[in-house]
Each structure stands twice: as structure tokens, then as C-alpha cells.
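To start, the structure itself, in C-alpha cells.
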2 protein chains.
Amino acid sequence: MARGRKPPTQADPVDFAGLRSYIGYMARQAQTAVFRDFARITEETGLTPGEFSLLTLIGANPGINQITLVTLHNLDKSTLSLAIRDLMRKELIERKKDSRDGRYYALRLTRQGALLLEKATLLVEEQERKMDATLKAGERAQLLDMLRRLSKAFD
Amino acid sequence: MARGRKPPTQADPVDFAGLRSYIGYMARQAQTAVFRDFARITEETGLTPGEFSLLTLIGANPGINQITLVTLHNLDKSTLSLAIRDLMRKELIERKKDSRDGRYYALRLTRQGALLLEKATLLVEEQERKMDATLKAGERAQLLDMLRRLSKAFD
DNA sequence: TATTGTTATACTCTATAACTATA
DNA sequence: TATAGTTATAGAGTATAACAATA
């Protein structure tokens with residue numbers, strides 16, 4: 001180790017320049033932090049954040065089809081197709097052809113999928129409570145509203 | 001097309017269940033929206049969001065080393081190594097061995113890198129102004145502070 | 001022995017394009 | 001012709017593990 005000066009790792013305070021004044025940068029940081037924390041939930045349930053969202057949407061909208069999910073999640077249909085295949089293999093969802101239009105699949109949760117979603121939802125809500133601990137009264141609703149407006153700004 | 005009912009794609013209003021009340025979900029949605037919009041900036045500059053952040057940090061902290069960047073960005077050092085290699089190839093940064101401790105590289109922007117960063121910064125700030133248009137007075141500072149607290153909550 | 005940085009490898013997530021089937 | 005969904009393929013972005021060089 002050099003004697004004259006400590007390595008910059010812990011020594012010099014880092015200048016973030018404008019970075020921390022950018023919503024884009026800070027939103028990214030917050031989001032990756034939440035996802036890293038989600039790893040605990042993935043361990044317990046086998047579900048990724050994306051799979052949790054899909055199960056929640058299918059659970060609340062039995063009979064929903066893939067193209068609708070695609071528009072909700074802003075994914076390519078090929079990407080969703082792979083995610084659906086995996087959820088089918090895990091027997092968390094099932095589907096059958098729409099009797100009126102054979103191009104559509106109607107998706108719904110299996111019993112097993114519903115149970116797992118219930119368990120995962122509890123863990124996710126626990127994670128949300130952890131976030132609440134850093135927010136003051138009323139801030140959660142305000143934050144959600146601002147995030148919603150940001151998403152819409154780039155439609 | 002079936003006659004009795006429209007396909008669910010546009011017909012039935014979708015039930016988001018609790019999804020839109022989750023900060024984790026909404027932060028993800030906002031962040032991906034910002035990144036999709038960043039594609040314009042990538043086209044003009046050749047820089048990804050991650051590269052823009054790295055150039056900003058190196059520009060504000062000439063002589064910074066990779067291990068410091070790793071702790072700031074929460075990346076593995078192998079991941080950063082590849083990003084640094086690409087920035088070197090594009091001749092946007094340069095580095096030399098620390099004379100006191102040969103394990104470190106001191107990173108700094110090239111002239112070309114500084115110019116590109118300047119251009120990219122203007123575009124990023126334009127993007128930030130677009131976000132401001134959806135926020136009321138005072139909300140930007142509040143949002144940044146909440147996002148900072150969220151990141152810290154999962155340290 | 002410990003630390004900075006590289007490389008080989010693999011995994012995840014994503015999109016594009018070409019395809020099947022249904023309408 | 002147009003739409004729902006699948007498959008083959010490829011490109012990001014990421015981490016793990018083994019490594020070389022330096023301390």
C-alpha cells in the first residue's frame with residue numbers, strides 16, 4: 001500500500017456532478033435497489049419481479065390473453081411468450097383457446113398459482129412496508145402519483 | 001372476428017389489482033419509460049445510460065479508479081471492466097497506472113470524451129425538462145429526495 | 001495473504017424476423 | 001390480408017470463478 005495517500009476508494013469524497021439531480025439516474029438507482037432486495041422473495045417463491053406482476057394481472061383478470069398483457073407491460077409478444085411458457089411449465093397458470101376466436105388463449109391461474117401468488121403478495125407487501133418506513137405521512141401516495149405521471153410523459 | 005364480444009385487448013377495462021399501489025412496480029414502470037426515451041440520446045451520441053453515468057463520474061473525478069466506480073454503481077468489477085474496455089476502445093477515456101500503487105488505474109476523459117459528455121449532458125437535461133413538465137413546483141426536489149431515501153432503505 | 005483488474009463462461013432479459021394458425 | 005402466438009436467433013447486461021499482477 002502506498003504511504004503518501006490513501007487509495008481513492010474510501011478517501012476522497014466522490015463528486016457526483018449533476019448525477020444525483022437527474023430523475024432518470026435516481027429512479028434507476030432506486031429501482032435496482034428494490035430489485036436486489038426482491039432476490040429474497042425470489043428465493044422463497046421462485047418468482048422474478050416480472051413473473052409476480054404477470055401472475056397478479058392474470059389473477060385479477062381471469063381469461064385475459066397474451067396480447068393484452070403485452071400492451072400492459074410494454075414487452076414484445078415473443079418475450080411474453082417465453083415468460084408464459086415458463087409459468088405454464090411451473091404449472092402456475094393454465095390456458096385454453098377462446099371458443100369464439102381460436103387465435104386467442106384465455107389465461108388463468110391454477111390453484112397452485114393462486115396459492116403461490118397469495119404467498120408472494122404477502123412478501124411484496126412486507127417489502128413495501130419497508131419502503132414506507134423511509135417515507136413520511138402522505139408521501140407514498142404522492143410518490144406513486146409522480147411515478148405514474150413520469151411513465152405517461154414518455155408514452 | 002367473433003361477433004358476440006370484442007376481444008379483450010381493447011374491450012374490458014383491465015384490473016391492475018394492487019399493482020399500481022406498489023412503489024416497486026411503479027418505479028420499474030417509470031424507469032423503463034425513461035430508458036426507452038433514452039434511445040434517442042443513444043442514437044445521437046452512441047452512449048447507453050450506464051455509459052453516460054460512468055463518463056459523468058469520471059469527468060467529475062479525474063484519476064478515479066475502477067474499484068471506486070464499482071462501489072458507486074453497485075456493479076461487479078468484472079462487469080465494469082467490460083464497460084471500461086468499451087469506453088477505451090471508443091477513445092472516450094484513457095488511463096494510466098497509479099505511480100504509487102501499481103494495482104490501480106487512474107481514469108480520465110479524453111478530449112473527445114469530454115466533448116461527447118458535454119453534448120450528451122445537454123440532451124439528458126432536455127429529457128429532464130420533459131419530466132419537469134409533468135411535475136408541479138417543488139415536486140422535483142421532493143421526488144429526488146424520496147428516491148434517494150428508497151435506495152438507502154435497501155443498502 | 002489481500003486487493004485491483006481481466007478473462008472465460010454462463011445466465012437473464014430483451015427484440016427482430018420468419019413462421020403457424022386462425023380470422 | 002391481418003392478428004395471436006411460437007420459435008430461432010442474437011444482442012445487451014449482468015454475475016461467478018479462476019486468473020495475473022501488485023502490494
Side-chain angles (χ1 to χ4, degrees), chain A residues 1-11 28 31-33 35-36 38-39 42 46-54 63-89 93 95-107, chain B residues 1-11 28 31-33 35-36 38-39 42 46-54 63-89 93 95-107:
Chain A
M1 174 75 77
R3 264 159 315 216
R5 206 179 57 162
K6 281 158 286 173
T9 310
Q10 328 212 33
R28 165 77 166 164
Q31 191 259 308
T32 56
F35 268 31
R36 267 196 306 278
F38 202 98
T42 301
L47 296 176
T48 64
E51 289 178 323
F52 171 74
S53 300
L54 286 176
I64 197 172
N65 60 47
Q66 295 182 200
I67 207 75
T68 304
L69 287 175
V70 153
T71 64
L72 294 177
H73 266 223
N74 260 305
L75 293 173
D76 189 84
K77 59 185 180 162
S78 67
T79 303
L80 183 71
S81 183
L82 298 175
I84 293 294
R85 183 199 61 188
D86 291 343
L87 291 174
M88 293 281 294
R89 283 184 184 162
I93 62 171
R95 59 185 185 179
K96 62 177 213 298
K97 289 273 186 190
D98 187 305
S99 54
R100 286 176 304 277
D101 187 334
R103 292 173 303 180
Y104 295 88
Y105 278 117
L107 303 168
Chain B
M1 173 75 77
R3 262 157 319 213
R5 206 178 58 161
K6 282 156 284 172
T9 310
Q10 329 212 31
R28 165 77 165 163
Q31 191 258 308
T32 57
F35 268 31
R36 267 198 305 279
F38 202 98
T42 300
L47 296 176
T48 63
E51 289 177 325
F52 172 73
S53 300
L54 286 176
I64 197 170
N65 60 47
Q66 295 182 200
I67 207 73
T68 305
L69 287 175
V70 153
T71 65
L72 295 177
H73 265 225
N74 259 305
L75 293 173
D76 189 85
K77 58 185 180 164
S78 66
T79 304
L80 183 71
S81 183
L82 298 175
I84 293 294
R85 182 199 60 188
D86 292 343
L87 292 174
M88 293 281 295
R89 282 185 184 161
I93 62 171
R95 60 185 184 179
K96 62 176 214 298
K97 289 271 185 192
D98 187 306
S99 54
R100 286 176 303 280
D101 187 335
R103 292 173 302 182
Y104 294 87
Y105 278 115
L107 305 167

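Quick note on labels: first sequence line is chain A, next is B, and so on, each numbered from 1.
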Polar atom pairs between nucleotides 6-9 of chain C and protein, under 3.5 Å, N or O only, would you list them?
unit_1: dT6(C); atom_1: OP1; unit_2: Arg95(B); atom_2: NH1; d: 2.7
unit_1: dT6(C); atom_1: OP1; unit_2: Arg95(B); atom_2: NH2; d: 2.6
unit_1: dT6(C); atom_1: OP2; unit_2: Gln66(B); atom_2: NE2; d: 2.8
unit_1: dT6(C); atom_1: OP2; unit_2: Ser81(B); atom_2: OG; d: 2.6
unit_1: dT6(C); atom_1: O5'; unit_2: Ser81(B); atom_2: OG; d: 3.3

Distance-minimising heavy-atom pair for Leu47(A) and Thr42(A):
O-OG1, 2.9 Å
Once you round it to whole Å, what is the distance between P of dA4(D) and NZ of Lys96(A)?
18 Å
How many Å lie between CZ on Arg100(A) and C1' on dA4(D), as a whole number?
15 Å
Here the distance between atom C1' of dA12(D) and atom CZ of Arg36(B), to the nearest Å, is 16 Å
Those residues that, when tested against Ala83(A), pass side-chain contact (heavy atoms from CB on, under 4.5 Å) (two or more places apart):
Leu54(A)
Both Lys97(A) and Arg28(B) contact DNA chain C. Which one's nearest nucleotide lies toward the 5' end?
Arg28(B)
Of all heavy-atom pairs linking Ile84(B) and Arg95(B), the shortest is CG2-NH1, 3.8 Å
Interatomic distance where NE2 belongs to His73(B) and C1' belongs to dT14(D) [whole Å]:
15 Å
Roughly how many Å is it from CG in Leu75(A) to P in dT6(D), rounded to a whole number?
14 Å
Distance check needed: dA21(C) C1' versus Arg103(A) CZ, whole Å only.
10 Å
Minimum-distance pair of heavy atoms, taken over all atoms of Pro49(A) and Phe35(A)
CB-CZ, 3.6 Å
Atom CZ of Phe35(B) to atom C1' of dT14(C): distance rounded to whole Å?
14 Å
Of residues 46-54 of chain A, the positions that come close to DNA chain D - non-hydrogen atoms, cut-off under 4.0 Å
none
Quick one: side chain to side chain donor-acceptor pair (under 3.5 Å) partners of Arg28(B), sequence neighbours excluded?
none
Within this structure, what is the CG-to-C1' distance between Asp101(B) and dT22(D), rounded to whole angstrom?
7 Å
Residue list, side chain to side chain donor-acceptor pair (under 3.5 Å) with Asp76(A), at least two apart or on another chain
Ser78(A)
Do Lys97(A) and Tyr105(A) form a cation-pi contact, if we require the NZ or CZ to be under 6.0 Å from the six-membered ring centre and within 45 degrees of the ring's axis?
yes
Closest approach of Val70(B) to Leu75(B) (non-hydrogen atoms, all atoms of both residues):
CG1-O, 3.1 Å
Measure the shortest side-chain to side-chain distance between Arg85(B) and Leu82(B) over non-hydrogen atoms and say whether it is less than 4.5 angstrom.
yes
